[in-house]
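Report on the following structure.
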Amino acid sequence: MTTTLLRTAAELHARTRAGRRAVVMTMGALHEGHATLVRTAREIAGPDGEVVVTVFVNPLQFGAGEDLDRYPRTLDADLKIAEEAGADAVFAPSVDEVYPGGEPQVRISAGPMGERLEGATRPGHFDGMLTVVAKLLHLTRPDVASFGQKDAQQLALIRRMVRDLNFGVEIVAVPTVREADGLALSSRNRYLSARERRTALALSAALFAGRDRHAAQEALRARAREVPATQARAEALSAIGESRAAADAHAVAKAAPGNPAAVRAAARQVLDEAVRLDPPLVLDYLALVDPSDFTEIADDFTGEAVLAVAARVGTTRLIDNLPLTFGTLGAAS
């Protein structure tokens with residue numbers, strides 16, 4: 001397969017189109033995480049469909065002092081990765097092509113969800129992100145668009161925009177791709193020195209600690225439900241040296257379905273230890289939120305949740321998250 005490089009929407013619209021068009025939106029500097037998105041899009045589009053990868057570094061979503069000029073631009077390498085993953089075309093428009101006449105006066109507002117977590121740290125970021133996603137959806141005219149779960153708040157806002165404003169496109173979420181040591185793949189990882197990378201591993205380690213604490217709670221809860229909580233059961237467990245286990249299981253069984261506070265505490269402990277590393281981790285936030293609006297969940301919450309973290313290591317800011325399910329026997333999604 002030869003991937004075609006397109007610079008204008010007119011070139012893209014002139015292409016013969018038969019099956020479904022699946023789009024993967026990127027800012028370039030492609031890595032295996034992006035390649036996974038492209039392969040997913042290829043599966044969705046099928047052999048008769050078309051996969052288009054957009055490469056556009058959007059100035060609207062970079063705030064003052066952020067790394068717009070520093071952001072890596074590697075189009076030749078991006079073309080190769082996109083081609084190997086199965087893309088039919090790479091749409092790499094100029095800023096003038098996307099924003100003719102300068103920055104748009106009319107923009108998409110992310111609303112209250114866009115002011116939380118990432119939005120609080122990076123004011124205006126999500127307005128700029130949604131504006132360019134809306135424009136690229138109009139310019140590429142896809143049937144489906146795939147986005148990574150690593151940017152969980154971005155994904156939630158795109159889904160909300162598509163639903164609220166009646167965009168005729170299906171949004172598909174693709175699980176986060178990680179390196180062998182657990183670090184979530186990101187174009188910004190290349191900024192990290194060897195020492196900074198060791199510190200950065202605290203982000204994923206904190207999430208895994210929270211996930212493992214949650215899994216342990218769910219396992220105890222499942223154990224408590226296996227047999228009715230009777231005196232005979234407790235005596236039987238005690239006879240084989242499991243009186244403490246019986247007490248723990250009964251205590252958990254009577255507790256609320258899930259313990260978000262314990263999950264947060266387990267993750268926070270890892271992050272607190274990382275503050276003392278060299279170089280230190282500088283935490284922006286740790287949050288356990290409802291993915292429908294990105295507000296913190298209560299201790300009696302049941303359903304899908306997202307454990308999210310953002311921090312700086314040196315001059316590099318990184319984010320990560322894990323989905324969790326509260327109130328069922330399942331632990332991590």
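FYI, the numbering just counts along the sequence from 1.
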Notebook entry, point to check: Quick one: are Arg7 and Ser94 in side-chain contact, heavy atoms under 4.5 Å?
Noted result: no
Item checked: Carboxylate-amine/guanidinium contact Arg20 Asp48, below 4.0 Å -> no
Which pairs of donor and acceptor atoms, one on a side chain in residues 95-106, lie under 3.5 Å apart (sequence neighbours left out)?
unit_1, atom_1, unit_2, atom_2, d
Glu97, OE2, Ala9, N, 2.9
Tyr99, OH, Asn58, OD1, 2.6
Glu103, OE1, Arg107, NH2, 2.8

Notebook entry, point to check: Is there a path of hydrophobic side-chain contacts, each under 4.5 Å between heavy atoms of I, L, V, M, F, W or Y residues, that connects Phe208 with Leu324?
Noted result: yes
Check: Got Arg190 and His31 here, is their nearest side-chain heavy-atom distance under 4.5 Å?
Finding: no
Next item on the list: Kindly indicate, with the supporting measurements, whether the criterion side-chain contact (heavy atoms from CB on, under 4.5 Å) is fulfilled by Leu79 and Glu83.
Entry: CA-CA 6 Å; Leu79 279 167; Glu83 183 170 280; over 6 Å; no
Next item on the list: Enter the distance from Asn321:CG to Asp151:CG here, rounded to the nearest 0.5 Å.
Entry: 8.0 Å
Notebook entry, point to check: Is any NZ, NE, NH1 or NH2 atom of the basic residue among Asp181 and Arg197 found under 4.0 Å from an Asp or Glu carboxylate oxygen of the other?
Noted result: yes
Next item on the list: Report yes or no: does Arg276 contribute a side-chain atom to a donor-acceptor pair with the main-chain N or O of Pro280 at less than 3.5 Å?
Entry: no
Next item on the list: Answer whether the closest heavy-atom distance between the side chains of His214 and Leu307 falls below 4.5 Å.
Entry: no
Checklist line | Leu137 reachable from Val24 in the ILVMFWY side-chain graph, under 4.5 Å edges | finding: no
Notebook entry, point to check: For the residue pair Ala41 and Ser146, what are the closest heavy atoms and their distance?
Noted result: CB-OG, 4.1 Å
Check: When hydrophobic residues are tied together by side-chain contacts of less than 4.5 Å, even through go-betweens, does Leu60 share a cluster with Met113?
Finding: yes
Next item on the list: Could you label the plane-to-plane angle of the Phe326 and Phe301 rings as parallel, tilted or perpendicular, counting under 30° as parallel and over 60° as perpendicular?
Entry: perpendicular
Margin query: Is the shortest side-chain heavy-atom distance between Glu296 and Pro260 below 4.5 Å?
Written below: no
Next item on the list: Could you check if a side-chain atom of Thr74 sits within less than 4.5 angstrom of a side-chain atom of Leu30, using non-hydrogen atoms only?
Entry: no
Notebook entry, point to check: So, for Val90 and Ala82, which heavy atoms are closest and what is the spacing to 0.1 Å?
Noted result: CG2-CB, 3.7 Å
Notebook entry, point to check: Between atom CG of Asp278 and atom CZ of Arg198, what is the distance when rounded to the nearest 0.5 Å?
Noted result: 9.5 Å
Checklist line | Under 3.5 Å: donor-acceptor pair, side chain of Asn259, backbone of Ala262 | finding: yes
Next item on the list: Take Val263 and Gln217 through the test side-chain contact (heavy atoms from CB on, under 4.5 Å) and record every step on the way to the result.
Entry: CA-CA 9 Å; Val263 172; Gln217 292 174 327; 4.1 Å; yes
Notebook entry, point to check: Which atom names give the shortest non-hydrogen contact between Lys150 and Leu185, and what distance separates them?
Noted result: CE-O, 3.3 Å
Check: Counting distance only, does the side-chain N/O of Arg213 pair as donor-acceptor with the main-chain N or O of Ala266 below 3.5 Å?
Finding: no
Margin query: Determine whether a donor-acceptor pair (N or O, by modelled atom type, separation under 3.5 Å) exists between the side chain of Asn189 and the backbone of Ala184.
Written below: yes
Note to self: Please find the pair of heavy atoms, one from Leu117 and one from Ala287, that lie closest to each other, and give the distance.
What the structure shows: CD2-CB, 3.7 Å
Margin query: Whether the side chain of Asp127 engages the backbone of Ser109 through a donor-acceptor N/O pair (distance < 3.5 Å, no angle test) should be reported.
Written below: no
Notebook entry, point to check: With side chains defined as the heavy atoms from C-beta onward, is the minimum distance between Phe91 and Leu136 less than 4.5 Å?
Noted result: yes
Notebook entry, point to check: Given side chains that start at C-beta, do those of Leu130 and Ile158 come closer than 4.5 Å, heavy atoms only?
Noted result: yes
Note to self: Are Val52 and Met25 linked, directly or through intermediate hydrophobic residues, by side-chain heavy-atom contacts shorter than 4.5 Å (ILVMFWY only)?
What the structure shows: yes
Check: At what distance, to the nearest 0.5 angstrom, does CZ of Phe56 lie from OG1 of Thr26?
Finding: 11.5 Å
Next item on the list: Give a yes or no on whether the backbone of Gln153 and the side-chain of Arg116 come within a donor-acceptor separation of less than 3.5 Å.
Entry: no
Checklist line | Euclidean distance, Ile297 CD1 relative to Glu304 CD, rounded to 0.5 Å | finding: 10.5 Å
Next item on the list: Begin from the C-alpha positions of Arg159 and Val162 and carry the test side-chain contact (heavy atoms from CB on, under 4.5 Å) through to its verdict.
Entry: CA-CA 5 Å; Arg159 282 177 159 161; Val162 166; 5.8 Å; no
Notebook entry, point to check: Can you tell me how far CG of Leu139 sits from CZ of Arg141, rounded to the nearest 0.5 angstrom?
Noted result: 8.5 Å
Next item on the list: Could you tell me whether Asp320 and Arg178 have a side-chain N and a carboxylate O separated by less than 4.0 Å?
Entry: yes
Next item on the list: Kindly indicate whether the side chain of His138, heavy atoms from C-beta on, has any atom under 4.5 Å from the side chain of Lys135.
Entry: no
Check: Rounded to the nearest 0.5 Å, how far apart are CZ of Phe126 and CD of Glu118?
Finding: 5.5 Å
Margin query: Let me check something: do Leu37 and Ile319 share a hydrophobic cluster, defined by ILVMFWY side-chain heavy atoms less than 4.5 Å apart, either directly or through other members?
Written below: no
Item checked: Side-chain donor/acceptor of Thr316 to backbone N/O of Leu192, under 3.5 Å -> no
Notebook entry, point to check: Hey, is the main chain of Val313 close enough, under 3.5 Å, to the side chain of Thr199 for a donor-acceptor pair?
Noted result: no
Checklist line | Passing candidate, side-chain hydrogen bond (donor to acceptor under 3.5 Å, both in side chains) with Asp284, options Arg122, Arg317, Arg312 | finding: Arg317
Next item on the list: May I have the step-by-step check of side-chain contact (heavy atoms from CB on, under 4.5 Å) for Ile81 and His34, ending in yes or no?
Entry: CA-CA 9 Å; Ile81 292 173; His34 297 110; 5.7 Å; no
